[in-house]
Amino acid sequence: MDQSSSSSFVDTSLDLTIGVTRMRVKEDSTTSALVDELNRVSAENKKLSEMLTLTCENYNVLRKQLMEYVNKSNNVTERDQTSPPKKRKSPARDDAVSSAVIGGVSESSSTDQDGQYLCKKKQREETVVKEKVSRVYYKTEASDTTLVVKDGYQWRKYGQKVTRDNPSPRAYFKCACAPSCSVKKKVQRSVEDQSVLVATYEGEHNHPIPSQIDSNNSLNRYISLGDYMAPAKGSSSLAEPVTESKKVTSPSRIDIPEVQKLLVEQMASSLTKDPNFTAALAAAVTGRLYQQNQTEK
Amino acid sequence: KDKSASELREELNRVYSENKKIKEMLETVCEKYYALHHHLE
C-alpha cells in the first residue's frame with residue numbers, strides 16, 4: 001500500500017512544452033506587479049493632489065488675512081494722522097508747552113550741535129492723496145529721548161502713540177506758524193539707529209519761515225546737498241530744509257527774494273565753515289593757477 | 001486588464017512624472033506658506 005501510494009506522487013510527465021506557459025505566467029506576474037505599482041502611485045498622486053489643493057487654499061486664506069491686516073493698519077495710520085486729537089489742550093497752553101519744549105531742546109541741541117553731523121537724507125516723495133510727503137533724518141544724542149525736531153518751524157503737538165506692532169513711540173505735530181497751514185509732521189525714532197529721528201512731513205507750507213525766531217536760538221540747521229542733509233553750524237540766519245522751501249507754492253504770500261537771499265547766506269555760511277569744502281576749493285584754485293602758469297610758459 | 005506590460009510601464013512612467021510635478025508644486029507652496037506665516041508672526 002505504501003509503495004503504491006508513494007508511486008502515485010511521482011511526476012511522470014515528460015514536460016515537452018517549449019516554455020510558453022512559464023513565460024505567460026512570468027508575464028502575468030509582471031503585469032500584476034505593474035498594475036499594483038500603478039495603483040499605488042495613482043493613490044499617492046491623488047493624496048498629493050489633495051494636499052496641494054489644501055495647502056493652496058490655506059496659503060490663499062493666509063495671504064488674504066495679511067493683505068487685510070496691512071490695509072487695516074494703513075487705514076489706522078492715515079486716520080491717526082488726519083484726525084484731530086481727542087483730548088486737545090487750549091491753544092495758549094499748547095503754545096506754552098511748545099515753547100517750553102523748544103527751549104529745552106534748544107539748550108541741549110546747542111551743546112550737541114557739534115556732535116550732530118552729516119546725516120543722509122532719504123527723501124522719498126510719495127504721492128499719497130495728492131500730498132507731498134518727505135522724510136528727513138535728524139541725528140540726535142543717544143541720551144535725548146524727546147521726539148522734537150528743530151527745523152525752523154513752530155509745531156503744535158497733537159498726539160503721540162505706541163502700538164504693539166510698532167513699539168517705537170511716534171509724535172504727531174501740526175504746523176503752528178499759520179492757521180491755514182495744513183502741514184503735518186510725524187516724528188519717530190529710527191528702528192535701526194535709536195539716535196536718529198525720522199521726521200515725515202506731509203503737505204506744503206503756505207507761509208514763509210518764521211522770521212521772528214532769533215538766529216542764535218541754536219536750532220538744528222540743515223541744508224540739502226544733493227542727497228545729503230548737512231548741518232549749517234552757526235549760520236547767521238535761520239535755516240530750513242531746502243526740500244520744504246522748494247515746496248512752497250504760493251509766491252503771492254512769500255517774499256521770494258528774501259527767502260533766496262536767506263538760503264544763499266545759509267549755504268555760503270555752511271560751506272565756508274566746512275573745512276573739507278575750503279580745502280577742496282583751495283586745491284581747485286591752486287590747480288587752476290598752476291595750469292595757467294604751465295600754459296603761459 | 002487588457003493592457004500589455006509595455007503599456008502599463010508607459011502609464012506608470014506618466015504617473016511617476018505627474019507625481020514628481022505635484023511634489024515640486026507642493027514643496028513650493030509649502031515654502032511660500034511658511035514664509036508668509038513667519039512674516040505674519
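Each chain gets a letter, A, B and so on, in the order the sequences are listed, and its residues count up from 1.
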For chain B and chain A, give me every donor-acceptor pair shorter than 3.5 Å, distances to one decimal.
{"from": "Tyr16(B)", "atom 1": "OH", "to": "Glu37(A)", "atom 2": "OE2", "distance (Å)": "2.2"}
{"from": "Lys23(B)", "atom 1": "NZ", "to": "Glu44(A)", "atom 2": "OE2", "distance (Å)": "3.4"}

Taking all heavy atoms of Leu38(A) and all of Leu12(B), pick out the closest pair and write down the distance. CA-CD1, 3.4 Å
Starting at CG of Leu62(A), measure out to CG of Leu36(B) and round the result to the nearest 0.5 Å. 4.5 Å
